[in-house]
Amino acid sequence: MRITESIIYKLMAHETLQAQANMEKAGRPLMTGRRFSRPSEDPVFADRTAKLEREFTKTIQLKRNIDRTKGYYSVVDATLQNVGDVLINLQTLAISQANDLLGPNERLAGAAEAKQLADTLAGFANGRFDGKFMFAGRLENVAPYDPALNFVGDAIGRKVQIGETVQIDAHITGVQIFGNAALGDVTAFQAAQNLITALNANDTPGITAALAELNSSHERLTVAQAKVGSRLSELQTTDFLLADVNVARKREYATLANVDVAKAASELAFAENVLQASVDTARQVNRALFKSMFS
Amino acid sequence: MVSSLKELMYGGLNSMIAHRSMMSLATKNIANANTPGYSRQRAQFIAQNAPGMSVKAGVTYAVRAKFILSSILGAKQSFGFNQGQVDILRVIEPTLNDLDGNGISQALSDFFESANEVSTNPSGLAERQGLIHKARFLAHTLNSSAKSLFNAGESAAYDAKITVAEINDIIKELGSLNKQIIGSFGKGSEAEAQIDQRAQLLNELSKKIGITVLEVDQHSVSVFLDGGPALLSSIISNTLHLTGGGNQPLGIEIEKPPGVFTKAKVPLGGRLGGLLKARDISVKQALDDLDQMAFGLANAVNNLHQAGFGLDGSTGNLFFDSLATATGAAQNIKVSAVIEANPNKIAAAKTDTLLPGDNANMLDWVALQNDATVVAGGKTVAEAYDQIVTRVANDLRSVEGQVAFDKNRVLHFETLRDSVSSVSIQEEMISLSQFEHAFQAASRLIKIADDLYKSILNMV
């Protein structure tokens with residue numbers, strides 16, 4: 001092929017520009033810290049990283065839901081522990097007062113103690129978490145128990161999303177802990193009140209009956225505590241699962257998106273050498289052409 | 001055979017004239033070594049048998065590689081077509097680039113995350129305000145992205161308009177060159193320079209529009225739109241007009257004769273074809289899909305929202321302003337003024353009897369992010385968006401690859417052309433030196449003849 005100066009210069013310009021473009025391309029990942037900066041550089045990569053980033057955001061959402069719900073149930077758990085203690089005290093009081101050897105005066109004193117315990121129980125029932133009544137279900141701005149200790153809250157409570165397709169109860173409601181009068185249960189408050197009434201009336205069979213009701217209330221409480229425990233456990237398990245999934249996704253994301261600095265640096269060094277060689281060659285060829293023409 | 005001293009002198013003179021012409025040609029070649037499209041010119045020495053006529057320089061001709069010219073036109077046409085698309089797709093790519101963590105994808109995630117926040121605390125004012133803020137941001141991102149896509153289409157239209165004007169100028173210039181070439185045919189060097197200039201213009205034209213070039217005779221060419229009507233019939237040039245624009249697809253018409261317009265088919269090849277394809281297929285598709293996505297999202301959210309209840313017990317409110325059709329949805333989606341004015345109207349509850357803690361409606365809202373019925377065609381909102389990004393990214397990647405390929409093809413064909421036609425300064429310098437020696441020898445011949453004359457005269 002006949003090679004003219006214009007061919008040589010055109011090819012030199014083309015190759016040098018190409019080497020320069022390659023060097024810019026090789027340097028970009030090191031400057032941005034990402035393997036690719038534009039979706040068109042690798043559409044499949046862009047699609048996958050976009051999906052992973054959305055999964056991260058979803059994980060953050062779910063993690064936040066889990067933490068908030070765990071916070072609620074931890075407070076509920078502690079509260080139920082206290083409710084249990086009060087019920088045990090009432091049961092102990094009922095057992096000791098059921099003794100026929102005690103007279104009316106001792107039982108009046110027992111009634112006063114029972115009244116105090118019943119008030120404490122009522123206080124727990126209208127307890128708050130995060131400024132809201134924790135046993136009121138969805139009617140969280142209103143105390144679930146009115147002064148007569150009738151339940152006026154929401155008996156079901158709301159759900160919370162903790163997994164892609166998993167929802168759990170975000171609440172445990174008053175009726176699940178203290179009994180549902182609407183369903184014929186003798187509530188813990190009623191049992192306590194029945195004990196107070198029996199003690200005031202020096203009514204031994206009444207005290208015995210109230211003790212049986214308190215025992216039932218305690219059993220109900222134990223069931224509620226078990227529910228809370230299992231929900232906390234479910235939350236914990238889901239939390240661990242999410243963390244594992246997140247680690248796997250982060251690893252995939254890092255593999256996809258992050259720059260292998262050593263590799264990128266060596267590619268840049270190579271591209272730089274090619275550019276340098278290209279420029280040097282151009283200079284040398286130019287000198288040779290010039291010499292041959294004018295020497 | 002030289003029969004007289006006079007013939008000897010004339011022979012030398014003719015040789016000097018012929019070699020001076022050749023040196024002049026070599027000088028011209030060297031001077032034009034860097035003139036784009038210039039084809040080196042040559043002339044043959046023609047031996048003369050008439051008494052006193054030793055040699056003469058023949059008609060000047062340009063050395064051209066005709067076999068490669070149509071390949072160059074084809075490669076440039078393809079280069080222009082793909083480059084036109086690249087230029088527009090590169091404008092819209094940043095709008096759909098979420099790799100830096102900003103963009104529609106992130107705005108969508110944030111929007112659903114805020115809805116989730118409201119679902120965990122439906123009576124929280126901060127959460128409700130957060131949702132409005134993120135919804136407003138999402139709407140704004142969609143508005144500006146749709147606007148950017150629309151503007152890219154407008155830029156393509158503007159570019160197409162300029163390209164059409166340039167095409168018309170080139171066609172006119174080609175007509176005028178055809179005329180000049182016909183007029184100067186046989187004048188050697190002048191005609192050859194005009195033919196080179198015409199070839200350059202045809203190269204330029206093929207970058208701008210798909211053409212077929214036909215040599216009418218030895219002097220002029222006609223230019224046709226690829227598979228279509230003539231743009232130039234020898235010296236008669238027709239005018240191209242751009243039609244459409246705004247929300248309409250672009251098209252072209254050819255005005256021939258004046259006042260009579262003929263529609264030409266699209267695509268056209270060259271830059272104009274690339275611009276039209278990018279605008280009316282790639283950009284339009286992206287914009288339509290973005291509209292479908294925004295329309296689906298707004299409708300799904302509104303349907304849920306209207307069925308739910310706000311903290312204040314209100315119901316039937318729209319969350320986003322109502323969108324009549326998908327067309328323009330991305331550019332017009334907006335959080336309703338009622339919601340903007342009062343966050344308590346966000347309908348997180350499904351019933352008004354369990355306020356303020358009912359979050360059932362908001363949970364359904366959060367679930368919309370995984371609902372494959374939200375966007376027409378059975379896609380989630382995120383899938384619909386991913387599809388737009390992937391399609392544009394793939395289109396751009398593909399045409400960028402084509403551009404790189406075309407660039408190499410053009411370079412290759414031009415190198416082949418140059419190997420035949422371009423000036424080699426070394427070659428010309430050698431020729432100059434060769435002609436100079438011959439010129440000196442011829443002058444020496446005259447000197448010898450002169451000396452002989454003198455010797456003869458001295459003998460008298």
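Within every chain, numbering begins at 1; the chains are lettered A, B, ... in the order of the sequence lines, protein sequences first and strands thereafter.
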Interface moiety of [X] toward chain B, non-hydrogen atoms closer than 4.5 Å:
X       : value
A:Leu11 : side chain
A:Ser37 : backbone
A:Ile8  : neither
A:Arg34 : side chain
A:Phe56 : neither

>> Strictly less than 4.5 Å between heavy atoms, which residues of residues 403-412 of chain B line up against chain A? Please order them by number.
In response: B:Asn408, B:Leu411
> Should B:Glu127 and B:Ser114 be marked as a side-chain hydrogen bond (donor to acceptor under 3.5 Å, both in side chains) after you check the CA-CA gap, both sets of side-chain angles, and the distance that decides it?
Replying inline: CA-CA 7 Å; B:Glu127 284 83 353; B:Ser114 299; over 6 Å; no
>> Side chains of A:Ser6 and B:Ser422: any donor to acceptor distance under 3.5 Å?
In response: yes
Can you tell whether the side chains of [X] and [Y] come within less than 4.0 Å, N to carboxylate O?
X        : Y        : answer
A:Asp67  : A:Lys63  : yes
A:Arg2   : B:Glu427 : yes
A:Glu24  : A:Arg28  : yes
A:Arg54  : B:Asp98  : no
A:Arg158 : A:Asp169 : no
A:Glu164 : A:Lys58  : yes

> How about residues 246-260 of chain A versus chain B: which residues have heavy atoms under 4.5 Å apart?
Replying inline: none
>> Please enumerate all residues that pass ring pair (Phe, Tyr, Trp, His ring centres under 6.0 Å) together with A:Phe135, with sequence neighbours excluded.
In response: none
> B:Glu93, B:Arg391, B:Arg90: which one forms the most heavy-atom pairs within less than 4.5 Å of chain A?
Replying inline: B:Glu93
>> Show every salt bridge (charged side-chain N to carboxylate O under 4.0 Å, His left out) that has at least one partner inside residues 364-375 of chain B, sequence neighbours left out.
In response: B:Lys350-B:Asp364
Between chain B and each of [options], count heavy-atom pairs under 4.5 Å; write down the option with the most.
options                              : result
A:Arg64, A:Glu41, A:Arg38, A:Lys159  : A:Arg38
A:Gln161, A:Lys10, A:Glu53, A:Gln18  : A:Lys10
A:Gln61, A:Lys132, A:His171, A:Arg68 : A:Gln61

>> Treating A:Asp154 as the side-chain partner and B:Leu354 as the backbone partner, does any N or O pair qualify as donor plus acceptor under 3.5 Å?
In response: no
> Under 3.5 Å, is there a donor-acceptor pair between the side chain of B:Asn394 and the main chain of B:Thr390?
Replying inline: yes
> Which heavy atom in A:Phe151 sits nearest to a heavy atom in A:Val175, and how many Å separate them?
Replying inline: CD2-CG1, 3.4 Å
> Does CG in A:Asn286 sit with more than 12 non-hydrogen atoms of other residues, nucleotides or ligands closer than 6.0 Å?
Replying inline: yes
> By a 4.5 Å heavy-atom criterion (distance strictly below it), what part of B:Val392 contacts chain A: side chain, backbone, both, or neither?
Replying inline: neither
